[in-house]
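See structure below.
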Amino acid sequence: MNIPTVLTRFVGHRHRRILLFLLVMGLAAYTAGLFVHVTRDASKYAAIAREIFDTGEYIDLTIHGEPYVQKPPLLFWLSALSYRIFGVNDFAFKLPVLLFSLAGIFFTFQLGSALYDRKIGALAALLLASSQISFLYNMDIHTDSLMQSLVTLSLWQLFLFLKNGKTLPLIIGFGALGGAMLTKGPVGAVVPATAVAGYLLFTGRTRRIIDPRWITGLLIAGVTILPALAGLYHQSGWEGIRFYFWDNNMGRIQGTSVSKDTNYLFYLTNLLYLYAPWTILLFTALFLQFRALVHRRMEDSGWFLFWGIWVYFFIISVSHGKLPNYIYMLVPLFSVVTARMLVPLISGKMGTMLRWLLPVQTIMAGLTGLLLSLLLFWMFPLRPAWTSLLLLPFLITALYPFFRGGSPGYRLLVPSLAMATALNLYINSYVAPQIFSDQASVKAASLFNTQATQEAQLGNYNYPSHELFFYARTPVRQLFNDLELFARMRTPGNWVLTTREVVDRMPQGEFPTPEITPLPHVWINNLTLRYLNPRTREAARDTLYLLRSTAVAPEDSPH
């Protein structure tokens, strides 16, 4: 029985076509995100994959020719292989992650089914697929996007091993765990390890800990990560191995390798939008989980989820290095916990709670619709205006139960699902392409690709992101000081993207004055209300500068 068929039971068979429409449109929203330009971390990952594609070197990773040790290679391998099929472009870079994410939705279905039943599994898959974080991190790629699918596969298979004792799920589970570690390092093992350990300890199955097949599983995971360790050892010796297992992880906990944040409620507050439109349902389900813990009514399957979630959640909450994408690995587990509450709720076994959750969830759908309206009619309006009518089916779907009634499942789920799908379809197909294309680096690469000679070289100086290295038609040179920049301006055929402060301190008379092209720029990680407001958007943009050397080759100089 497939996921849509199971979900039909919640919304009613006569609404099956509405459900299928929303599922297809959700897939369309994901697909639209494949064509949005990259920025920041995603641009770095795309550029690393391109260097693998250009050089054929899959073990010793590099970024602009320099050794790269921050992340293991699995994401870069997959994208480099995709480049060989589809060429070097946004679609090819992001496609492997989307395919894994779709598989992760299926793995969530299977995990929920194994822990409970197919109804809970199907509903968990729907919640995961329609959460804001899933739409966001399949458009703006992070290694967490790939890791969460592999972690979910590992959890599903390891629970099957705990449940039936067969060896094949153990092999697959540890293979997936190794894949997660090959994507982002040892952090990929934390959730499966704590879920399994907590389940065995708190369900009285401690004798299973001495099963010798665990050694086999650890060996499988160890062999899986060998390519990452080989590259690190070859580039950095034993320091590289230590970095993989210790320094990198401790740097994130201490806040030395990422932005420092001591707000212990960081992830709880970020879940307000990351798990939208299902945030209130999630918080309610987590409250019930803790209530079951206090009253000692936790199910065996509940222990697997509880320890899988809260040990990792505690670690990332108290660590000083925090980023929203770190929570993505837990979203499949959050979805199963929420679905576990929703199935009896929808079936009428929790009538009082349903009566107060229905209006609350309706408000969430309304807020999502309000955000869509702000984008549609103010911030990034469609042109021509009549094309806004293309979103009318989503509005009708959301409002249907208010005029014609519907099952509790339809009224609770479908309006929010319709608004979330419409919002992300609009963002990925219209809003995000405009914003991400507003990066000066994207414009600079386009100018270089269309106007520079075949012999020309492009450089990057004092701009901290890596879009140029991905979009330029030839390898880009990273410049590290003014002397390198000045040397390039003394020789012909050099283009360099840089910032205002560099242009302001360039000396006069030491080399021919370069041609300077100002390029409006938006910092994607720092979008402001001034930028989102169409009236002040132009003034809110920063400016980067594309320099083109005007020096003349000796043989071309006048005699």
### Query
When you look at N481 and Y461, which way does the side chain to side chain donor-acceptor pair (under 3.5 Å) test go after all the steps?
CA-CA 8 Å; N481 54 60; Y461 181 43; over 6 Å; no
### Message
Is there a ring-ring contact (aromatic ring centres under 6.0 Å, His included) between F380 and Y430? Walk through the geometry before answering.
### Response
CA-CA 8 Å; F380 296 91; Y430 190 74; 7.6 Å; no
### Task
Verify side chain to side chain contact (heavy atoms under 4.5 Å, CB included) between D144 and M147, making sure each step is shown before the conclusion.
CA-CA 5 Å; D144 307 80; M147 181 176 66; 3.9 Å; yes
### Task
Evaluate side chain to side chain contact (heavy atoms under 4.5 Å, CB included) for V496 paired with L458, printing each intermediate quantity in order.
CA-CA 6 Å; V496 177; L458 179 60; over 6 Å; no
### Message
Assess the residue pair L544 and S441 against the criterion (side chain to side chain contact (heavy atoms under 4.5 Å, CB included)); give the C-alpha distance rounded to whole Å, side-chain angles, the decisive distance to 0.1 Å, and a yes or no.
### Response
CA-CA 8 Å; L544 301 184; S441 49; 5.6 Å; no
### Task
List the steps, then state whether side chain to side chain contact (heavy atoms under 4.5 Å, CB included) holds for R118 with I3.
CA-CA 8 Å; R118 286 185 173 270; I3 296 175; over 6 Å; no
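W77 has its side chain within reach of I52: a pair of non-hydrogen atoms, C-beta onward, lies under 4.5 Å apart. Side chains of M181 and T224 form no contact here, defined as non-hydrogen atoms less than 4.5 Å apart. Using a 4.5 Å cut-off on side-chain heavy atoms (C-beta onward), P4 and L23 make contact. In this structure the side chain of F174 never reaches within 4.5 angstrom of the side chain of Q157, judged on heavy atoms. A heavy-atom distance below 4.5 Å is found between the side chains of R488 and Q457. T108 places none of its side-chain heavy atoms less than 4.5 Å from the side chain of W156. Put simply, the side chain of N460 does not reach to within 4.5 Å of the side chain of H466, judged on heavy atoms. Counting heavy atoms from C-beta on, the side chains of K94 and V38 come closer than 4.5 Å.
E57 contributes a side-chain N or O that, together with a main-chain N or O of I59, makes up a donor-acceptor pair within less than 3.5 Å. Distance alone, capped at 3.5 Å, places no donor-acceptor pair between the S154 side chain and the L150 backbone. With N248 contributing its side chain and Y244 its backbone, the two residues share no donor-acceptor pair below 3.5 Å. Using modelled atom types, no side-chain atom of D438 and backbone atom of Q434 make a donor-acceptor pair closer than 3.5 Å. Although no hydrogens or angles enter the test, the distance criterion places a donor-acceptor pair under 3.5 Å between the side chain of S145 and the main chain of Y137. Judged by distance alone, with hydrogens and angles left aside, the side-chain atoms of Q439 form no donor-acceptor pair with the main-chain N or O of V442 at under 3.5 Å. A donor-acceptor pair under 3.5 Å is absent between the side-chain atoms of T421 and the main chain of G26, judged by distance alone. T543 places no side-chain N or O within donor-acceptor distance of the main-chain N or O of L519, the cut-off being under 3.5 Å. Between the T194 side chain and the W307 main chain, a donor and an acceptor come within less than 3.5 Å of each other. Between the side chain of S319 and the main chain of I316, a donor-acceptor pair closer than 3.5 Å is present.
Note: W278 CH2 to L128 CG = 12.0 Å, rounded to the nearest 0.5 Å. The distance from atom CG of L146 to atom CD1 of I141, rounded to the nearest 0.5 Å, is 9.5 Å. Distance check: L102 CG to F107 CZ gives 10.5 Å after rounding to the nearest 0.5 Å. Interatomic distance, I327 CD1 to L274 CG, rounded to the nearest 0.5 Å: 8.0 Å. We find the CG-CD distance between L153 and Q148 to be 11.0 Å, quoted to the nearest 0.5 Å. Separating the OG1 atom in T55 from the CG atom in L61 is a distance of 9.5 Å, to the nearest 0.5 Å.
For the 3.5 Å distance criterion, the side chains of N462 and T499 qualify, holding a donor opposite an acceptor. For the 3.5 Å distance criterion, the side chains of S43 and S465 qualify, holding a donor opposite an acceptor. Checked by atom type, the side-chain pair N494/T491 shows a donor-acceptor distance below 3.5 Å. A donor-acceptor contact closer than 3.5 angstrom is absent between the side chains of Y30 and N424. Between the side chains of Y275 and S335, a donor-acceptor pair is found at a separation under 3.5 Å. Side chains of S82 and S79: a donor-acceptor N/O pair is absent below 3.5 angstrom, by distance only. Between the side chains of D54 and Y83, no donor N or O sits under 3.5 Å from an acceptor N or O. Residues R541 and Y531 have side chains that never bring a donor and an acceptor to within less than 3.5 angstrom of each other.
Shown here for F100 and S149, the closest heavy-atom pair between the two residues is O-OG, 2.8 Å. Residues P277 and S130 come closest through the heavy atom pair CD-O, 3.7 Å. Heavy atoms only, all atoms of each residue included: L323 and F266 are closest at C-CE2, 3.9 Å.
Ring geometry for F313 versus W310: interplanar angle over 60°, hence perpendicular rather than tilted (30 to 60°). In this structure, H521 and Y463 have perpendicular ring planes: the angle between them is above 60°, well past the 30° mark. Using cut-offs of 30° and 60° for the angle between ring planes, the W238 and Y233 rings count as perpendicular. Using bins of under 30°, 30° to 60° and over 60° for the plane-to-plane angle, the ring pair F76/Y68 lands in the perpendicular bin. Aromatic ring pairs are classed by plane angle as parallel below 30°, tilted from 30° to 60° and perpendicular above 60°; the pair F480 and H64 is perpendicular.
Heavy atoms from other residues, nucleotides or ligands lying under 6.0 Å from CZ of F314 number 12 at most.
Of the candidates T338, L155, V151, L115, L333 forms a side-chain contact (heavy atoms from CB on, under 4.5 Å) with just one, namely L155.
In this structure, Y471 has its ring center under 6.0 Å from that of H37.
Evaluation of the side-chain hydrogen bond (donor to acceptor under 3.5 Å, both in side chains) rule for R537 yields no partner, not counting sequence neighbours. In this view, T528 satisfies the side-chain hydrogen bond (donor to acceptor under 3.5 Å, both in side chains) rule with no residue, not counting sequence neighbours.
A salt bridge does not link R40 with D140: every distance from a Lys NZ or Arg NE/NH1/NH2 to an Asp or Glu carboxylate oxygen is 4.0 Å or more. A salt bridge links E484 to R477: at least one charged side-chain nitrogen sits closer than 4.0 Å to a carboxylate oxygen.
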